[in-house]
There are 2 protein chains.
Amino acid sequence: MTQPHFKGFNGMSRIDLDLAKQSCAGCPIRHRAVCATCEPDELDQLEAMKSYGTWSAGETIVLEGEKLPFVASVVFGCATLTRSLEDGRVQMLGLLLPSDFLGRPGRGTAPYEVVAATDLTLCMFERDAFERLIEDTPHLALRLLEMSLDELDAARDWMLLLGRKTAREKVATFLAYVLKRASTAHGPLRADLPLSRGDMASYLGLTIETVSRQMTALKREGIIDLEGKRGLLCPDMAALLIEAGDDDDGAVIA
Amino acid sequence: MTQPHFKGFNGMSRIDLDLAKQSCAGCPIRHRAVCATCEPDELDQLEAMKSYGTWSAGETIVLEGEKLPFVASVVFGCATLTRSLEDGRVQMLGLLLPSDFLGRPGRGTAPYEVVAATDLTLCMFERDAFERLIEDTPHLALRLLEMSLDELDAARDWMLLLGRKTAREKVATFLAYVLKRASTAHGPLRADLPLSRGDMASYLGLTIETVSRQMTALKREGIIDLEGKRGLLCPDMAALLIEAGDDDDGAVIA
DNA sequence: CATGTCGATTGACCTGCATCAAGGACGACC
DNA sequence: GGTCGTCCTTGATGCAGGTCAATCGACATG
């Protein structure tokens, strides 16, 4: 386990900053997140408390039960929320992709471990200042309520997956989700897997071996194709969705 | 499937009303819910839009995807939230016990089926009026945010259970949760199971048979005792918690 | 080029839970 | 009391996925 450290709030390269600006243009955490309805002066306040932080793949951002002194939006990269049983069994509880929100306004400590699954950039807001802003800004609280309801929906889709889907359906559902999140206007034919096989197993309530076997099976049957370890292509999204096991439109996570 | 009907808003016996009053005294949905910090005039407004509804065990309150025209707090009884795959597999996504809250402020339709698991009384608030009140009452939005974060925590505990726990641990965890919710100051030695074996299976991502077998095993080993089908006694809560598989303090659901 | 590491794959085997199938227990209703 | 119907329990069997272990790239390092 890497030590939890804190590059944020200061040390960022020029390039990092540019990339961050690009994704957070105008309103700092724009997609899915807080400021869809912000007034200019509120945006100024957010801007004032905002900073960027980077972590490299595998680094821990907070340990289970520790304080998370900020809330944040993922600019790029991928982070995972996991919880463990004492004997070492691990289950992923959340997957954060660009534009997803991290943090529980009003709650200082994280009831799960947060780890950077890939190199990661967060757009962060100092917690205390952010919470003060919420108090004074009614529609912000509503926006956050919206967001946590979305997360709740995602968690519940995920429960259905964990409780009732077969290994093949689980893997197919995950791949479909990744493709959906990566999709452009041209269609979701290609994506980079944001997670290792091990992380996928943790996500899906399976073992590495089972994930690997299901992936090769789907590849063998022509439903997906793989480029190296992380590249994923899907010639026919519909076929993949059938394997995923239900009407699932890919709405599987927050 | 029973047809979704709507006894609420009017037809209640004297006794029902008394019971409801008792649980909802003063502030209508008090525990875990909205009004911990309400002003007197806000309470009046809530009072004005409030009504009670009853359902008997097995009745459906809303179908998956239908509109739920109210938000509510459970006064007594037990309701379940479930979602199904097309082929009939069912997973429970939420369990509502007295003082729990039902409904997603700002969202009209339920993404799950809501069924009364036992005879059930809800304290209901007409949706539109409730949402108007939220708009004018900033701290209500914060309170609701709190509540949905609690639900999210519960859903995530549940994910860990579904993804990584053994059948025995799952059953023990559920029983511990029931005992905890039923506990009085004197300790949680006895409780009535709010769910049938089938519903427990749906909750835990297992089959009826497996649930039944694990229950008999726990009974045979003296960890629990059963009175009839629904009565549950636990001579030693600590022993049960060990079977539940982790530090679990019983915080498993919203 | 040899060697080591780390992730992914593949195979052989085993087991926990699902599945299929019979009973029991208990209440409702005639 | 007899006969359902519903829910629960128990047994026998099978299989999906876990476990253990070997191998295979891909990439780094000496």
Side-chain angles (χ1 to χ4, degrees), chain A residues 2 56-58 85 87-91 115 117-118 161-175 192-221 224-232 243 245, chain B residues 1-2 56-59 85 87-91 115 117-119 161-172 174-175 192-221 224-232 243 245:
Chain A
T2 48
S56 40
L85 262 21
D87 62 5
R89 285 174 284 178
V90 179
Q91 176 63 50
V115 179
T118 64
L161 175 146
L162 289 173
R164 298 297 171 190
K165 287 194 175 177
T166 64
R168 165 179 266 249
E169 289 169 335
K170 286 176 172 181
V171 170
T173 304
F174 175 74
L175 297 179
D192 281 310
L193 290 171
L195 300 183
S196 68
R197 300 293 184 273
D199 284 339
M200 288 177 58
S202 163
Y203 181 113
L204 298 169
L206 297 170
T207 58
I208 291 186
E209 295 92 327
T210 301
V211 170
S212 182
R213 276 187 249 272
Q214 297 300 334
M215 300 270 293
T216 19
L218 288 171
K219 176 175 177 174
R220 194 171 46 237
E221 296 168 31
I224 58 167
D225 202 3
L226 299 170
E227 292 179 341
K229 292 176 177 178
R230 294 299 184 103
L232 170 66
E243 299 302 328
Chain B
M1 201 179 292
T2 47
S56 39
E59 285 186 306
L85 263 20
D87 62 4
R89 284 174 284 178
V90 180
Q91 176 63 49
V115 179
T118 64
D119 290 348
L161 176 145
L162 289 172
R164 298 297 170 188
K165 286 193 176 178
T166 64
R168 164 179 267 249
E169 289 169 335
K170 286 177 172 181
V171 170
F174 174 75
L175 297 179
D192 281 309
L193 290 170
L195 299 183
S196 68
R197 300 292 185 273
D199 284 338
M200 288 176 60
S202 163
Y203 181 114
L204 298 169
L206 297 170
T207 59
I208 290 185
E209 294 93 325
T210 301
V211 170
S212 182
R213 276 186 250 271
Q214 298 299 334
M215 299 270 293
T216 15
L218 289 170
K219 176 175 177 175
R220 193 171 48 237
E221 298 169 29
I224 58 168
D225 202 3
L226 300 170
E227 293 178 341
K229 292 175 176 177
R230 294 297 184 106
L232 170 66
E243 299 303 327

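To find a chain, count down the sequence lines: A is the first, B the second, and so on, and within it residues start at 1.
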Check: B/Ser212 main-chain N/O paired with B/Thr216 side-chain donor or acceptor under 3.5 Å: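 Side chain of B/Thr216 to backbone of B/Ser212: a pair is present.
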
N/O donor-acceptor pair under 3.5 Å between A/Arg164 side chain and B/Leu206 backbone: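 Judged by distance alone, yes, a pair lies under 3.5 Å.
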
Less than 4.0 angstrom between a side-chain N/O of [X] and OP1 or OP2 of [N], yes or no?
X: B/Thr207; N: C/dA18; value: yes
X: B/Thr216; N: D/dT9; value: no
X: B/Thr166; N: C/dG16; value: no

Using whole Å, what does the distance between atom [atom2] of nucleotide [N] and atom [atom1] of [X] come to?
X: B/Arg164; N: D/dG18; atom1: CZ; atom2: C1'; result: 11 Å
X: A/Arg168; N: D/dC15; atom1: CZ; atom2: P; result: 18 Å
X: B/Met215; N: D/dT9; atom1: CE; atom2: P; result: 6 Å
X: A/Arg89; N: C/dG16; atom1: CZ; atom2: P; result: 12 Å
X: A/Gln214; N: C/dT10; atom1: CD; atom2: C1'; result: 14 Å

Is there a side-chain contact (heavy atoms from CB on, under 4.5 Å) between B/Leu162 and A/Gln91 once you walk through the steps? CA-CA 9 Å; B/Leu162 289 172; A/Gln91 176 63 50; over 6 Å; no

Are there any protein N/O atoms within less than 3.5 Å of an N/O atom in nucleotides 6-8 of chain C, and if so, which ones and at what distance?
from, atom 1, to, atom 2, distance (Å)
C/dA8, OP1, A/Arg197, N, 3.2
C/dA8, OP2, A/Arg197, N, 3.3

For the side chain of [X], starting at C-beta, report the closest nucleotide among [options].
X: B/Leu206; options: C/dC17, D/dT10, C/dT9; result: C/dC17
X: A/Glu209; options: D/dG17, D/dT9, D/dA21; result: D/dA21
X: B/Arg213; options: D/dT10, C/dT9, C/dC17; result: D/dT10

Mind running side-chain contact (heavy atoms from CB on, under 4.5 Å) on B/Met200 and B/Leu175 for me, showing each step along the way? CA-CA 10 Å; B/Met200 288 176 60; B/Leu175 297 179; 4.3 Å; yes

